[in-house]
There are 2 protein chains.
Amino acid sequence: MINTKLSVAIHILSMVATSQHQPVTSDYIAASVNTNPVVIRRISSQLKKAGLITAQAGKPGFILLKNIEDISLLMIYQAVQTQDELFSIHNNPNPQCWIGKNIQATLDQAFLRAQQALENELAEQKLSDIIQHLSTQK
Amino acid sequence: MINTKLSVAIHILSMVATSQHQPVTSDYIAASVNTNPVVIRRISSQLKKAGLITAQAGKPGFILLKNIEDISLLMIYQAVQTQDELFSIHNNPNPQCWIGKNIQATLDQAFLRAQQALENELAEQKLSDIIQHLSTQK
DNA sequence: ATGAATTGTAACTAAAATAGTTACACATAA
DNA sequence: TTATGTGTAACTATTTTAGTTACAATTCAT
C-alpha cells in the first residue's frame with residue numbers, strides 16, 4: 001500500500017486552491033488534515049520544489065502557481081514520491097539459474113507497463129476534477 | 001513502493017511452470033530467488049489459496065493448476081496482496097472543514113480509477129508472457 | 001515401521017518505512 | 001520588537017517487511 005503523501009498533498013492543494021483570498025497556513029491545513037503542521041510543511045516543501053506552489057518563510061500561507069486545470073494528480077504524485085518504481089523487485093536472484101538470471105529484466109518491463117497505465121490515469125485527473133467532486137458532495 | 005511479494009510470486013510460478021517434469025521444492029526455489037525457504041512457502045501458501053498451484057505436505061514440489069496463458073499478473077497480485085486499496089488515505093480529516101469532510105470520498109473514487117487502470121494492465125499480462133520474455137533473454 | 005525429506009505455520013527478530021513530534025533558525029509584518 | 005509563520009533537522013513510536021528458528025504433520029523409500 002502506497003503511503004498517504006499523495007492523499008495529504010491533494011488535500012493541501014485543494015485548500016490552497018479554494019482559499020486564495022485569505023492565507024492558508026500550515027497550522028490551518030494541519031487542523032483540516034488532522035495532523036502535525038510539520039507534516040504539512042514537509043509535503044508543501046516538496047510541492048514547492050515541484051513548482052506547484054510557492055511560499056515564503058515568515059509570510060503566512062501558500063500560493064498556487066498553476067491553474068487547477070493544469071495540475072494533474074500525476075504531477076502531485078511525482079512531486080511527493082521519492083522512488084521511481086512502483087513495484088519492488090527482490091534483489092540478488094541466483095544468476096546460476098536461468099530464471100534467476102533473467103527475472104529482474106523481465107519483471108522490470110512487466111512492472112513498467114503496469115506503472116505507466118497507472119500514471120496515464122493519474123495524468124488524466126486534474127486538481128480541478130478533485131475540487132469539482134469535493135464541492136458536489138452532500 | 002509496493003513490496004516484493006508479487007515479484008517473488010512470479011518467480012515461483014515461473015519455476016513451477018517450466019519444471020513440471022521434476023518436483024521443484026521450496027528449497028530449490030529459495031536458492032534461485034535467494035531467500036529463505038519459509039518465505040517461499042509463505043507465498044506459495046497464498047498462491048495455493050488462490051487456486052493457482054497445489055501442494056501436499058510431505059510431497060516435494062508444487063503443481064500448477066492452470067495453463068500459463070490463463071494466469072494473469074492480476075491474479076497473482078491479488079493472491080499475494082492483503083490490502084484491497086493501492087493508495088492510503090489519511091484518516092480522521094476534520095469533518096468541520098468542508099474539504100476535510102469530503103476529501104476521503106473524493107480521493108476514494110480518484111484513487112480507485114488509478115488502481116483500476118493498473119489492474120487492467122496487470123490483467124492483460126499473463127504468466128506465459130513472462131516465461132516467453134524470460135526465455136528470450138540473452 | 002522407521003527415518004529422511006518435505007510442506008505448513010507459528011513465533012520471533014532485524015531492518016526499513018511511515019507518520020508524528022520537538023526544537024529552533026530565520027523571515028515577515030503589525 | 002514581538003507575535004506569527006515557514007523551513008528543516010533530529011528524534012521517536014508504530015507498523016511493515018523480510019528473514020529466521022523451531023517444530024508439527026505428511027509422504028515415501030528402505
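Here is how names work: the chains are called A, B, and so on, in the same order as the sequence lines, proteins then strands, and each is numbered from 1. For clarity, every value in this text was computed on a predicted model and none was experimentally measured.
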When you measure from the side chain of [X], which nucleotide among [options] comes out closest?
| X | options | result |
| --- | --- | --- |
| B:Ser45 | D:dG5, D:dG7, C:dT9 | C:dT9 |
| B:Val38 | D:dG7, D:dG19, D:dT21 | D:dT21 |
| B:Arg41 | D:dG5, D:dG19, C:dT9 | C:dT9 |
| A:Lys5 | D:dT20, C:dA19, D:dA10 | C:dA19 |
| A:Thr4 | D:dG5, C:dA19, D:dG7 | C:dA19 |
| A:Lys59 | C:dG8, C:dA29, D:dT20 | C:dA29 |
| B:Ala55 | C:dG8, C:dT28, D:dT6 | C:dG8 |
| B:Thr25 | C:dT6, D:dA10, D:dA9 | C:dT6 |

Quiz item: DNA chain D: A:Ser88 or A:Gly58, which has the more 5' nearest nucleotide?
Solution: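 So the residue in question is A:Gly58.
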Quiz item: Taking the nucleotide of DNA chain D with the closest heavy atom to each, which residue, A:Asp27 or A:Met1, is nearer the 5' end?
Solution: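 First, find each residue's nearest nucleotide; the 5'-ward one identifies A:Asp27.
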Quiz item: Which of parallel (below 30°), tilted (30 to 60°) and perpendicular (above 60°) describes B:Phe87 and A:Tyr77?
Solution: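 Correct class here is perpendicular.
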Quiz item: Rounded to the nearest 0.5 Å, how far apart are CD1 of A:Ile53 and CG of A:Leu65?
Solution: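 So the gap between those two atoms works out to 8.0 Å.
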Quiz item: Is any side-chain heavy atom of A:Leu73 less than 4.5 Å from a side-chain heavy atom of A:Ile130?
Solution: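 A side-chain contact under 4.5 Å exists here.
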Exercise. Would you indicate whether the side-chain heavy atoms of A:Val80 and A:Val8 approach each other to under 4.5 Å?
Key: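 With C-beta onward as the side chain, the pair stays apart.
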Measure from [atom1] on [X] to [atom2] on [N] and round the result to the nearest Å.
| X | N | atom1 | atom2 | result |
| --- | --- | --- | --- | --- |
| A:Ile40 | C:dA19 | CD1 | P | 12 Å |
| A:Asn36 | D:dA10 | CG | P | 18 Å |
| B:His90 | D:dT15 | NE2 | P | 19 Å |
| B:Ile53 | C:dT6 | CD1 | P | 17 Å |
| B:Phe62 | D:dT26 | CZ | P | 17 Å |
| B:Gln83 | C:dT18 | CD | P | 14 Å |
| B:Asn91 | C:dT18 | CG | C1' | 13 Å |
| A:Leu47 | D:dT8 | CG | P | 13 Å |

Practice problem: Remember a base hit wins even if backbone is also touched, and classify A:Asn3 as base, sugar-phosphate or nothing at under 4.0 Å, heavy atoms. | Solution: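 It contacts sugar-phosphate atoms only.
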Quiz item: Which is true for B:Lys48 with a 4.0 Å heavy-atom rule: it touches a base, it touches only sugar-phosphate, or it touches nothing?
Solution: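 Sugar-phosphate: the residue B:Lys48, judged by heavy atoms under 4.0 Å, touches backbone atoms but no base.
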Quiz item: Hey, is the side chain of B:Arg42 pairing donor to acceptor with the base of D:dT20 inside 3.5 Å?
Solution: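 Indeed there is one.
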Quiz prompt | Partner of A:Leu52 under side chain to side chain contact (heavy atoms under 4.5 Å, CB included), chosen from A:Ile12, A:Leu47, A:Val16 | solution =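 Going through A:Ile12, A:Leu47, A:Val16 one by one, the side chain to side chain contact (heavy atoms under 4.5 Å, CB included) with A:Leu52 is satisfied by A:Leu47 alone.
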Quiz item: Which of these, B:Ile76, B:Ile71, B:Leu134, sits in a side chain to side chain contact (heavy atoms under 4.5 Å, CB included) with B:Ile10?
Solution: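 Checked B:Ile76, B:Ile71, B:Leu134 against B:Ile10; only one passes side chain to side chain contact (heavy atoms under 4.5 Å, CB included): B:Ile76.
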Quiz item: Can you tell me if the side-chain N/O atoms of B:Gln56 get under 4.0 Å from OP1 or OP2 in C:dT7?
Solution: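 Checking B:Gln56 against C:dT7: no side-chain N or O falls below 4.0 Å of OP1 or OP2.
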Quiz item: Within less than 4.0 Å of OP1 or OP2 of C:dG20, is there a side-chain N or O belonging to A:Thr35?
Solution: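 Indeed, a polar side-chain atom of A:Thr35 lies that close.
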